[in-house]
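Reminder, nothing fancy here: chain letters follow the sequence lines and each chain counts from 1.
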Amino acid sequence: MPELPEVETIAQGLAKRVTGDVVESVWLGQKKEPLKSPAEEIAATLERSRIAAVRRMGKHIVFDLEKNGVAQTRLSGKNRKGHKSSGKAATPAASERSWAAGSAPLKAQWIVHLGMTGRLQICAPDWEIEKHTHAIVKLASGRELRFVDPRRFGRLSVATGADFDAGGVEPLEIDTDQFIERFRGRKTPIKSALLNQALLRGVGNIYADESLFRAGIRPRRRAATIAREKLNKLLVAIKEVLREAIALGGSSISDYVGADGEEGFFQLQHRVYGREGEPCLVCQTSIKRVVIAGRSSHYCPKCQK
DNA sequence: ACTATTTCCTGGATGC
DNA sequence: TGCATCCAGGAAATAG
């Protein structure tokens with residue numbers, strides 16, 4: 001279940017391997033759940049685009065795309081209402097020019113959310129197509145980038161007009177004042193607030209539990225009842241947990257593996273997540289599990305108040 | 001404007 | 001062995 005550290009690891013791995021490559025063609029499966037944008041729009045946006053960068057925003061992987069202005073103009077005019085062709089010379093010679101040449105490239109983004117079980121694999125075209133493969137992106141380098149997701153909680157979309165807005169604020173970039181402002185006054189349990197991507201983006205169930213343990217706060221505590229000092233401690237804990245996890249390549253439980261298929265190791269550092277009934281590593285008290293907002297929440301009843 | 005609950009999905013684990 | 005049931009959980013949709 002990829003959260004911020006896993007997605008960061010995957011995005012970095014992908015960036016290393018596909019930056020600069022060009023999309024030749026795109027195949028999209030028939031299942032509609034994984035597609036947040038219309039299939040034709042995703043395909044049209046990706047095809048003939050150069051992958052300028054791959055980065056993470058919250059739990060999303062964002063591919064920054066650049067396309068020759070001429071080709072993009074033609075596609076936009078055909079596929080999007082109210083978007084007129086700009087009248088630039090659309091000669092075949094121009095559309096085949098190298099990416100560096102000619103007018104400024106038109107930008108777009110391909111956004112991938114892995115959900116629970118989504119994976120992006122880079123492979124040779126003759127690799128067996130796995131069950132639950134929903135997208136195959138053919139690259140000019142001869143490789144393929146495939147999206148595989150058995151549970152179909154993952155999502156693919158494109159942003160063409162404006163930049164993709166992931167909502168919320170990056171937990172590794174937010175400062176104490178911003179954090180307190182966003183979380184204080186909320187009546188909801190702090191655990192729910194941490195999972196709310198519109199507040200803070202990228203923290204999921206594992207890292208919420210681990211951060212709350214380090215900060216000594218019970219997951220059911222209402223955000224509004226937590227003192228500023230304690231909220232500050234929580235933010236420090238969140239940043240610490242996320243940074244440590246990124247350094248270890250994320251947590252490999254269930255389906256997660258990095259871009260090259262390697263596993264992460266942060267699961268070995270989990271102090272409460274998945275440890276129901278086991279002794280607290282600090283005080284030996286049995287770790288409890290309760291359900292909050294439909295999510296398993298693990299905590300030490302003695303260390304967390 | 002918030003908050004809480006339900007729904008979507010499949011595979012692996014568990015129970016009888 | 002086989003079959004049914006439960007559970008994992010992010011985010012969108014729905015209800016209050």
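- The phosphate of C/dG10 has neither OP1 nor OP2 within less than 4.0 Å of any side-chain N or O from A/His60.
- Distance A/His134 NE2 to B/dT10 P: 9 Å, rounded to the nearest Å.
- Here the C1' atom of nucleotide C/dG9 and the CD atom of A/Glu6 are 13 Å apart, to the nearest Å.
- Side-chain N/O atoms of A/Glu130 and A/Gln121 include a donor and acceptor closer than 3.5 Å.
- As judged by a 4.0 angstrom heavy-atom cut-off over every strand, A/Lys36 is placed among residues touching the sugar-phosphate backbone only.
- Put simply, CG on A/Asp165 is 14 Å from P on C/dA11, counting in whole angstrom units.
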Below 3.5 Å is the cut-off: list the nitrogen or oxygen pairs between protein and nucleotides 4-8 of chain B, distance only.
unit_1	atom_1	unit_2	atom_2	d
B/dA4	OP1	A/Arg222	NH1	3.1
B/dA4	OP2	A/Thr188	OG1	2.7

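- Atom-to-atom distance recorded for A/Ser157:OG and A/Phe164:CZ is 6.0 Å, nearest 0.5 angstrom.
- One finds the CD atom of A/Glu210 at 10.0 Å from the CD atom of A/Glu3 (value rounded to the nearest 0.5 Å).
- Rounded to an integer number of Å, the gap from CD of A/Glu3 to C1' of C/dG10 is 10 Å.
- Contact between the side-chain N/O atoms of A/Arg186 and the OP1/OP2 oxygens of B/dT3 is found at a separation under 4.0 Å.
- Between A/His113 and C/dA11 there is a side-chain polar atom (N or O) within less than 4.0 angstrom of OP1 or OP2.
- Rounded to 10°, the helix from B/dC2-C/dG16 to B/dC16-C/dG2 has 50° between the axis fitted to its first five pairs and the one fitted to its last five.
- The CG-P distance, from A/Leu114 to B/dC9, rounds to 18 Å in whole Å.
- When the side-chain nitrogen and oxygen atoms of A/Arg289 are compared with OP1 and OP2 of C/dA8, one or more of them lie within a distance under 4.0 Å.
- Closest to the side chain of A/Ser296, out of C/dA11, B/dT10, C/dA8, is C/dA8.
- The distance from atom CG of A/Asn196 to atom P of C/dG9 is 18 Å, rounded to the nearest whole Å.
- Across all strands shown, A/Lys31 has no heavy atoms under 4.0 Å from either base or sugar-phosphate atoms.
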